[in-house]
Colleague: 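First the structure, then my questions, so here it is.
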Amino acid sequence: MSMEHARIVIVGAGLSGLYAAHLLERRGIRDVVLLEARDVIGGRIAAVHAPGTSGAAAIDRFDLGPTWFWPDHQRELHDLIDELGLQRFAQHDEGDMMVERAPGEAPVRMRGYVSAPQSMRLVGGMNALTDALYATLDGARVVTGQAVRRVRNTDTHVELDSEDAEGHVMTWRVAHVLLALPPRLAAGAIAFEPALPAPLVREWRGTATWMAPHAKYLAIYDMPFWRGQGLSGSARSGSGPMGEIHDASMPDGSAALFGFLGVPARTRQRLSEDALLTLCRAQLGRLFGPQAAAPRFEIIKDWARDRWTATAADLDAGGDHGHAPAAAADTGPWQGRLTGIASEWSPRFPGYVAGAIEAAAIGVNNFTSKE
């Protein structure tokens with residue numbers, strides 16, 4: 001077992017963790033380490049490249065996690081995207097939409113509607129944001145494949161034990177810990193010594209993890225043929241398996257459709273991935289014609305099967321955005337030593353991309369104001 005030292009450890013290299021490190025860097029605090037359990041950064045911001053493309057800068061990259069943001073209402077996120085020089089574009093919603101009212105009923109074409117406020121996307125997907133933040137950091141301070149298992153609070157410091165895929169343990173001695181992972185996952189996957197206050201643990205365990213019960217289906221095509229038919233690519237369905245479908249095409253890149261599966265997480269676990277893919281293709285065929293049933297690439301990302309996102313408690317969750325729990329202990333030995341900064345801890349945007357930015361900023365501001 002080796003001992004490493006840092007001023008701050010950030011547990012999780014998703015958006016909130018990367019943004020917190022970015023803010024600390026700007027304030028001259030560079031003795032920071034990010035520990036990420038996955039082999040890649042980004043957390044719940046994840047994507048897939050269209051066949052034949054690769055590289056972080058590729059335009060043909062499609063979101064499997066969050067997709068949209070709303071600049072008029074999420075100013076801090078909007079300003080960060082501007083600061084990083086990222087390109088944005090409006091979600092395509094021009095044209096009619098398709099609706100399946102109930103199982104066995106033929107789809108009907110209806111007048112579409114424009115979202116208000118306008119939903120916006122990033123060229124290259126949401127990972128363009130996490131990649132840009134990562135590029136502002138010292139990459140050697142971001143350690144992937146390290147799952148934090150135990151956190152011990154002593155009189156003078158905090159020690160964290162992280163474990164790699166082979167079971168090798170590293171111990172980190174720090175002054176403060178920023179938790180950039182969902183509250184429920186932190187409460188269930190990390191052993192705290194001494195135990196966190198019981199009311200705080202109850203709050204964290206009772207906070208639903210955004211994306212955890214959801215699954216997304218993505219189909220990639222050479223051309224957005226539905227637009228030529230006067231369709232927006234949007235659909236609503238009471239038949240399923242997808243309940244909601246949208247155009248996911250990338251400007252100057254491949255065409256795509258994506259949908260949120262309406263099948264509950266526990267039901268999905270009883271079906272094979274091939275069976276779900278077959279059902280999704282058939283649904284696109286019903287809605288948009290034979291071309292839609294023959295994508296050149298397709299994938300399902302089931303977040304309920306992602307062990308670094310979902311817990312057993314999330315399988316029965318409805319997936320609504322909840323209310324932010326307390327981010328830190330206000331009394332006892334953990335006061336001033338541990339702060340939650342993942343999106344669920346955001347007061348205004350819990351569970352949204354903007355929430356990760358807000359919660360990280362609050363956590364960093366609270367830490368630096370006490371320095």
Side-chain angles (χ1 to χ4, degrees), residues 6-24 27 29 32-37 43-45 74 76-77 80 133 148 150-153 157-158 160 174-212 308-309 311 313-314 317 320-371:
R7 187 174 175 186
I8 302 171
V9 157
I10 301 173
V11 182
L15 178 56
S16 60
L18 293 166
Y19 186 56
H22 173 76
L23 290 177
L24 290 165
R27 298 179 191 197
I29 301 174
V32 178
V33 171
L34 287 87
L35 300 179
E36 170 56 52
R44 285 171 281 178
I45 291 181
Q74 300 171 341
E76 191 171 7
L77 174 59
L80 176 62
L133 285 171
V148 173
R150 288 167 293 280
V151 180
R152 295 181 296 279
N153 189 350
H157 58 268
V158 179
L160 299 89
V174 302
H176 196 86
V177 178
L178 297 176
L179 292 173
L181 72 168
R184 180 174 280 168
L185 194 63
I190 301 175
F192 294 92
E193 303 170 9
L196 295 173
L200 188 66
V201 173
R202 283 196 297 271
E203 273 198 77
W204 289 8
R205 289 186 180 275
T207 300
T209 300
W210 181 241
M211 291 304 297
W308 303 122
T309 298
T311 69
D314 291 304
D320 296 330
H321 294 275
H323 299 286
D330 54 12
T331 60
W334 286 105
Q335 185 180 13
R337 291 287 182 88
L338 182 75
T339 307
I341 63 167
S343 179
E344 283 78 8
W345 278 294
S346 164
R348 292 184 298 164
F349 309 114
Y352 289 95
V353 172
I357 299 301
E358 181 180 56
I362 291 171
V364 168
N365 287 339
N366 288 343
F367 171 77
T368 55
S369 67
K370 296 171 184 175
E371 288 291 289

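Note that the structure is a prediction, hence the values are computed from the model and not measured.
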Colleague: Under the criterion side-chain contact (heavy atoms from CB on, under 4.5 Å), I'd like the reasoning laid out for Val353 against Leu15: C-alpha separation, chi angles, the key distance, then a yes or no.
Modeller: CA-CA 8 Å; Val353 172; Leu15 178 56; 3.4 Å; yes

Colleague: Restricting to salt bridge (charged side-chain N to carboxylate O under 4.0 Å, His left out), what partner residues turn up for Arg202, sequence neighbours left out?
Modeller: none

Colleague: Taking all atoms of both residues into account, what is the closest heavy-atom pair of His157 and Val174, and its distance?
Modeller: CB-O, 3.4 Å

Colleague: Please walk me through it: do Ile357 and Gln74 pass side-chain contact (heavy atoms from CB on, under 4.5 Å)?
Modeller: CA-CA 10 Å; Ile357 299 301; Gln74 300 171 341; over 6 Å; no

Colleague: Can you tell me which residue pairs pass the salt bridge (charged side-chain N to carboxylate O under 4.0 Å, His left out) test with a partner in residues 10-21, sequence neighbours excluded?
Modeller: none

Colleague: Looking at every heavy atom in both Ala356 and Ser16, which two are closest together, and how far apart are they?
Modeller: O-CB, 3.6 Å

Colleague: Nearest 0.5 Å, what's the CG-CD distance between Asn153 and Gln335?
Modeller: 11.5 Å

Colleague: How long is the straight-line distance from CG of Leu338 back to CD1 of Ile190, given to the nearest 0.5 Å?
Modeller: 8.5 Å

Colleague: Which of these passes side-chain contact (heavy atoms from CB on, under 4.5 Å) with Phe367: Ile341, Leu24, Ile362, Leu23?
Modeller: Leu24

Colleague: Which pairs pass side-chain hydrogen bond (donor to acceptor under 3.5 Å, both in side chains) with one or both residues in residues 187-196, sequence neighbours excluded?
Modeller: none

Colleague: State, yes or no, whether a side-chain contact exists between Phe349 and Glu76 at a heavy-atom distance under 4.5 Å.
Modeller: no

Colleague: Can you name the nearest heavy-atom pair linking Ala359 to Ala342, along with the distance?
Modeller: CB-O, 3.3 Å

Colleague: Please give me the minimum heavy-atom distance between Ala21 and Leu34, naming the atom from each residue.
Modeller: CB-CD1, 3.6 Å

Colleague: Could you go through the side-chain contact (heavy atoms from CB on, under 4.5 Å) check for Asn365 and Arg27 one step at a time?
Modeller: CA-CA 10 Å; Asn365 287 339; Arg27 298 179 191 197; 2.5 Å; yes

Colleague: Which heavy atom of Ile10 sits nearest to which heavy atom of Ala20, and what is that distance?
Modeller: CD1-CB, 4.0 Å

Colleague: What class does the angle between the rings of Trp345 and Trp204 fall in, given that below 30° is parallel, 30 to 60° is tilted and above 60° is perpendicular?
Modeller: perpendicular

Colleague: Using the ring pair (Phe, Tyr, Trp, His ring centres under 6.0 Å) criterion, which residues pair with Trp334? Sequence neighbours excluded.
Modeller: Phe192

Colleague: Quick one: closest heavy-atom pair of Leu200 and Ala329, and the distance?
Modeller: CD2-N, 3.9 Å

Colleague: Nearest 0.5 angstrom please: Arg7 CZ to Ile29 CD1, how far?
Modeller: 4.5 Å

Colleague: Sequence neighbours left out, what pairs pass salt bridge (charged side-chain N to carboxylate O under 4.0 Å, His left out) with at least one residue falling in residues 330-353?
Modeller: Arg44-Glu344, Arg348-Glu358

Colleague: For residues 177-187, run the donor-acceptor check on the side chains, cut-off 3.5 Å, and write out each pair with its distance to 0.1 Å, sequence neighbours left out.
Modeller:
| residue | atom | partner | partner atom | Å |
| --- | --- | --- | --- | --- |
| Arg184 | NE | Arg205 | O | 2.8 |
| Arg184 | NH1 | Asp314 | OD1 | 2.6 |
| Arg184 | NH2 | Arg205 | O | 3.1 |

